[in-house]
Every structure is written in structure tokens, then in C-alpha cells.
Participant: 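This structure is in C-alpha cells; I'll ask about it shortly.
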Amino acid sequence: MERHPIIERLEKDLGTEIVRTTPAELAAASHDESDMEPVTPVCLCRPRTTEQVLSIVKAAGDLGVPITARGAGTSLEGSSIPSTGAVVVDFAGMDSVLESVPEERRVTVGPGMVYDRLNHLLRPNGLFFPPSPGGSADVATIGGMASTDASGIYALRYGGTRPWVSALEVVTGRGDLMRVGALVPKSTAGLDLKDLFVGAEGSLGLITEITLRLAPVPPASRKGGFLFTDLAEACAASSEMAAFVPEMAALELTDGDTMDLLRALPAYRSLPDGHALFVEVHGRDEDCEAGFEAATDVAGARGGTPLPTHIPDPWELRHRMTGVIRESAQPHGVVRTDCAVPLLRLPGFVSETKDRAKTDGRGLYVFGHVGLGVLHFLMPLAGDGAWSRPDALAEKERLGLAAVEAGGTISGEHGIGQGNRAILPAEHPVGIDYMRSIKSLFDPENIMNPGKVL
Ligand SMILES: Cc1cc2nc3c(=O)[nH]c(=O)nc-3n(C[C@H](O)[C@H](O)[C@H](O)COP(=O)(O)OP(=O)(O)OC[C@H]3O[C@@H](n4cnc5c(N)ncnc54)[C@H](O)[C@@H]3O)c2cc1C
């Protein structure tokens, strides 16, 4: 088989240690954690330096070959599935701490640094990077998180990734090396180019260094959960807790159907029936005590009872959810949403969606960071209550549009990728043209992750 000219060029510039073409390595880079069609890349590059990244972008630009950046490939919207005919740039080899300044609560890392590893390294200084991306925290990279503006269980109190990124080094699609942002918490020097790269899903350029602000580890925390017989009441309790319990750091909904799947696992046989709200409060000991008490009062007024104390860590349960639902829907997997609605719209939005699926005899699981209004509805494509893929995609689109109509968004955290691309113009009917113009400025040849986002 004829070798693609980009392989010759990259091997000449970088060597075969960096440029990988074995079928196993190409297959591993062909998919992400969405259940969308894999695409085999032309080759895989594992750069170790910014200079090597510049060489890759230069070669791709010269030959008009697309580039898809890859962190850990945990995207749930097909963002890190290679664009057709693309070179994948895998940042796993650029994973060092480049500068650590605990006195200023900041750290600069390579984009391949893994979220949990970074927090492990920061812990002796009493600092952490808060927006934990839940079940992928042990593998997701800081480059991937910055590029999707990832959030997670602690985003309720601390925000998503964006407010913690103070500076970036990037290579634009035009091949320019650029520093954006500054090593201070805030800058008003011109238009904010840094924030364009946060959440761009690799569509403007490649991030080669990231400086993060850090938070002090809270002096104390307390976690637990509440069980409800009525899903709408659980949603109403969550919006009241988010609004009125200032110590609340995490607030996660899990519906009874998802709890049933978890209960089928040997470790969780004793999990009680019901819909669950899992919570965590942060502060000093007395703040945590007061916050937990306030949350218990809010839950009680909505018919919620505390989760029995023998139940394991709620976050262990939370992190197993995507896995158990996908497992139950093999071999086809799931279609999922990531829409977000204003807090007061949660009870109606969730119960109407669940009721409609029930009437149609279809399975529908829901969980999410309800403190932020984020709802992950998962529709199984196989097994009990299976949806056909076209019906599930139509429902995903309907829910995204309904969320926008309610004043929310089609994506609270996973990004647009391929899965939300068709309805992005509905959320930004005017803004979409501005987005396209901005993209063409940074990436005039459209080589940066084409077919995603815009
Ligand atoms: C079980 C599970 C739970 C999850 N929970 C959450 C959650 O709670 N919150 C949440 O926000 N997300 C969640 N996710 C989604 C995902 O983990 C996050 O989006 C994560 O930030 C992606 O990191 P990654 O390193 O895997 O990036 P990838 O998937 O490899 O890449 C994501 C996007 O960023 C681009 N990219 C990666 N690195 C760079 C770079 N250096 N420069 C430019 N572009 C780059 C890629 O091209 C792609 O478009 C979850 C995923 C799974 C599988």
C-alpha cells in the first residue's frame, strides 16, 4: 500500500520514534468514549516538545492534512475521533510539571498531564485544581479538559476549567506559536484570546503548555446522599440546595433506573430503592456540619431521607454510572445528552422526558451535575427498552433544542464535537457566523479538527 506523503515528511522531520503507524496504535487512536463510528488516522504523532508540535502543524499545513489533537480520548461527543484523513497528535508524552509556584497558587504543566496525577502532586502544598471530570478523572488530561472547558462534580462551588486557566502556549492552525493570558489571575490586555482556546476542542490550534490557578484544599468536607421516591421532588430539592446552601460543593442526581443497574453489581446489592441526590459540602468543620444539616432539612421537606451510612462512597457509585449503563446497552452502546437547563426548570424537564420515554416503552437513564442544571440522559441502543439510533438521535436533538428554548444550553460540559454539531446554530443563530470567522482567522486552511464543533 502506498504511504501517505505526510508520513514520509513527518518521519524525515521527527523520526519514527515520534511518528507511529502500527495498526494497533492507529486502532487505539481511532475512537473515543462516545459510541460513534471510529475513524483510523493516517498516522499518530507523539511529540515531546513544542518545537516538534510546530513541525507537525507546519507539515500538515504544507500538505493540507487535518490534525486531531488527543489527550486521553475520553470525549463523549466524538471530539477526539480523528477527522477523516487526519494525523493524530497524542500529547501523552508532554505531561510534565514545567513550573510550580505554590506561593502564588499556580502551576504550569504540559497538556498531557493527567487530572488525578496533578492533584496528587499538588496535595503536599495544600492546593488542588478543582473541576474534577468525574469518572474520567484518573485518565483525562489537562489539555483535553482545557479544550472542552470540562467541569464535573465540584464545578458547582469552583466553576469549570475556564476560570482556572490563566495562560496558555498554543500553536495556531496558521502555524504561529503564541502565548495567551498571563501569569497573574486576571488581565485586561486587549481581546481575550486565551478564552477562545478554552473549549475550542482543538479547532483553532494545539495547546502546548497550560498555566493553572489553584485552590486551597478545604479544611474539611462531608459527603453523603438522600433518597427520594419522587424524581421531580429530588430535582426541586437539588435546585433549593444549590441556591440556599452556600457550603454545597457537589450536588449530583441519579434516577432510580440507574440506581437499579448499580444495585445489580455485587458490591452494591444493599443499595436502597429510589432516586438519589449525592452531595458534598466544603468549609471548616462547623461549616460542613451546618451545610449538611441545611441540606438534610431541604431534602426532608421534599420527602428525601438520608442514604444509609453503610453505603460506600457516593462518588464511587457516581463514577460507575456511565460504565454500567453502557455495559447494559452492548453491543451498540448509548446516545447521550449533555444539555443544561435553569435550575427551576429541572423538575418539569426531567419528569416530562422520563414520562414520554416510559409511555413509548423505551429505557431512559438520567443523572447529572444538577447543581449546574446539567442533565445526562442516556438512551440504550440495545437491551431492554432499546431505541433505534435514528430515534435516539432525534430525541437528543429535541432535548437540546428544548434546553435552549428553556434558556439553557445544548452542552453544559462535554462540548459540541460531532454529536451536538447539527444544533449548535440553533443556540447561536447569529453567533455561529462570528465563530466561523474566528476559526478561519486562526486556521485558514481548516486543518484543525475539521468536521467537529462548527
Ligand atoms: C466516564 C466518563 C465520565 C466523564 N465525566 C465528565 C464530567 O463529569 N465532566 C466533563 O466535563 N467531562 C466528563 N467526561 C468527558 C471527558 O472526560 C472530558 O471532556 C475530558 O476533559 C476530556 O479529556 P481528554 O484528555 O480525554 O481529552 P480528549 O477526549 O482526548 O480530547 C477532547 C477534545 O480536546 C482536544 N484536545 C485534547 N488535547 C488538546 C490539546 N493539547 N490542544 C488542543 N486540543 C486538544 C481534542 O482534539 C478533543 O477535541 C467524562 C468522560 C467519561 C468517559
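Predicted, not measured: the structure shown is a model, and the values here were computed from it. One-based numbering, in listed order, for ligands and for the atoms of each.
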Participant: Among Gly412, Gly144, Gly135, Ser34, which residue places a heavy atom closest to atom 1 (C) of ligand 1?
Facilitator: Gly135
Participant: Could you list the atoms of ligand 1 found under 4.0 angstrom from a heavy atom of Gly202?
Facilitator: 43 (C), 44 (N)
Participant: Within the 3.5 Å criterion, strictly below it, is a donor on Glu252 or Trp315 matched to an acceptor on the partner's side chain?
Facilitator: no
Participant: Quick one: does Asp32 get a heavy atom under 4.0 Å from ligand 1?
Facilitator: no
Participant: For atom 25 (O) of ligand 1, what's the nearest protein heavy-atom neighbour? Residue, atom name and distance, please.
Facilitator: Thr141 OG1, 2.7 Å
Participant: Can you sort out which atoms of ligand 1 are near Thr148, meaning under 4.0 Å from one of its heavy atoms?
Facilitator: 19 (O), 21 (O), 32 (C), 33 (C)
Participant: Pairing donors with acceptors under 3.5 angstrom, does anything connect the side chains of Gln418 and Ser79?
Facilitator: no
Participant: For the backbone of Asp195 and the side chain of Arg162, can you confirm whether one donor and one acceptor N or O come within less than 3.5 Å of each other?
Facilitator: yes
Participant: Assess the pair Tyr158 and Phe128: is the distance between their ring centroids shorter than 6.0 Å?
Facilitator: yes
Participant: Any chance the rings of Phe377 and Phe367 have centres within less than 6.0 Å?
Facilitator: no
Participant: Using a strict cut-off of 4.0 Å, indicate which atoms of ligand 1 neighbour a heavy atom of Ala150.
Facilitator: 11 (O), 21 (O)
Participant: Who gets closest to atom 52 (C) of ligand 1 by heavy atom: Ser136, Ser79, Pro131?
Facilitator: Ser136
Participant: Is the closest N or O pair between Val139 and ligand 1 shorter than 3.5 Å?
Facilitator: no
Participant: Examine the proximity of ligand 1 to Met145 and report which part, side chain or backbone, both or neither, has a heavy atom under 4.0 Å away.
Facilitator: both
Participant: For the CG atom on Asp384, are there more than 12 heavy atoms of other groups (residues, nucleotides or ligands in this structure) within a distance under 6.0 Å?
Facilitator: no
Participant: Testing Lys452, Lys396, Arg421 for salt bridge (Lys or Arg N to Asp or Glu O under 4.0 Å) with Glu77, which one passes?
Facilitator: Lys396
Participant: Looking at Glu33, which atoms of ligand 1 are within less than 4.0 Å of one of its heavy atoms?
Facilitator: 53 (C)
Participant: Find out whether the Lys NZ or Arg CZ of Arg263 is both under 6.0 angstrom from the six-membered ring centre of Tyr268 and within 45° of the ring's axis.
Facilitator: no
Participant: Pick one of side chain, backbone, both or neither for how Ala69 approaches ligand 1, counting any non-hydrogen atom pair under 4.0 Å.
Facilitator: both
Participant: Run the numbers for me: atoms of ligand 1, each under 4.0 Å from some heavy atom of Ser75, listed by number.
Facilitator: 29 (O)
Participant: Going by the order shown, which atoms of ligand 1 are within less than 4.0 Å of some heavy atom of Gly205?
Facilitator: 43 (C)
Participant: Atom 5 (N) of ligand 1: which protein heavy atom is closest, and how many Å away?
Facilitator: Pro133 O, 3.2 Å
Participant: Can you tell which part of His414 has a heavy atom less than 4.0 Å from ligand 1: side chain, backbone, both or neither?
Facilitator: side chain
Participant: Under 4.0 Å, heavy-atom basis, I'd like to know which part of His319 is in contact with ligand 1: side chain, backbone, both or neither.
Facilitator: neither
Participant: Just which atoms of ligand 1 are under 4.0 Å from any heavy atom in Arg70?
Facilitator: 30 (O)
Participant: For Ser151, is at least one N or O under 3.5 Å away from an N or O on ligand 1?
Facilitator: yes
Participant: Out of curiosity, is Ala137 lining ligand 1, as in a heavy atom under 4.0 Å away?
Facilitator: no
Participant: Is a donor from one side chain sitting under 3.5 angstrom from an acceptor on the other, for Glu427 and Thr409?
Facilitator: yes
Participant: Does the residue His369 have a heavy-atom contact with ligand 1, meaning some pair of atoms that are separated by less than 4.0 Å?
Facilitator: yes
Participant: Consider only side-chain N and O atoms of His414 and Glu201, and report whether a donor and an acceptor are under 3.5 Å apart.
Facilitator: no
Participant: Counting only nitrogen or oxygen atoms and a 3.5 angstrom limit, does Glu413 reach ligand 1?
Facilitator: yes
Participant: Should the heavy atoms of other residues, nucleotides or ligands under 6.0 Å from CG of Leu177 be counted, would the total exceed 12?
Facilitator: yes
Participant: Report the nearest protein non-hydrogen atom to atom 41 (N) of ligand 1: residue, atom name, distance rounded to 0.1 Å.
Facilitator: Ile207 O, 3.1 Å
Participant: Any nitrogen or oxygen of Gly71 lying under 3.5 Å from a nitrogen or oxygen in ligand 1? Just yes or no.
Facilitator: yes
Participant: Is the shortest side-chain heavy-atom distance between Leu10 and Val87 below 4.5 Å?
Facilitator: yes
Participant: Between Phe91 and ligand 1, does any nitrogen or oxygen pair lie at a separation below 3.5 Å?
Facilitator: no
Participant: Considering only heavy atoms of Gly134, which atoms of ligand 1 have at least one such atom less than 4.0 Å away?
Facilitator: 8 (O)
Participant: Verify, without hydrogens or angle tests, whether Arg213 (side chain) and Arg105 (backbone) share a donor-acceptor contact under 3.5 angstrom.
Facilitator: no
Participant: Decide whether an N or O pair under 3.5 Å exists between Thr68 and ligand 1.
Facilitator: no
Participant: Flag Leu206 as yes when one of its N or O atoms lies below 3.5 Å from any N or O atom of ligand 1, and as no otherwise.
Facilitator: no
Participant: Are Thr68 and Asn449 close enough that a side-chain donor and a side-chain acceptor fall under 3.5 Å?
Facilitator: yes
Participant: Among all protein heavy atoms in this structure, tell me which lies nearest to atom 34 (O) of ligand 1, with the distance rounded to 0.1 Å.
Facilitator: Ser147 CB, 3.2 Å
Participant: Between Asn449 and ligand 1, which part of the residue brings a heavy atom under 4.0 Å of the ligand: side chain, backbone, both or neither?
Facilitator: side chain
Participant: Taking atom types as modelled, is there a side-chain donor on His282 or Glu247 under 3.5 Å from an acceptor on the other?
Facilitator: no
Participant: Looking only at protein heavy atoms, which one is nearest to atom 15 (C) of ligand 1, and what is the separation?
Facilitator: Thr74 O, 3.6 Å
Participant: Does either side chain, that of Asp13 or that of Ser55, offer a donor lying less than 3.5 Å from an acceptor on the other one?
Facilitator: no
Participant: Apply salt bridge (charged side-chain N to carboxylate O under 4.0 Å, His left out) to residues Glu33 and Arg326 and explain how you reach the verdict.
Facilitator: CA-CA 10 Å; Glu33 288 295 316; Arg326 274 179 89 195; 2.8 Å; yes
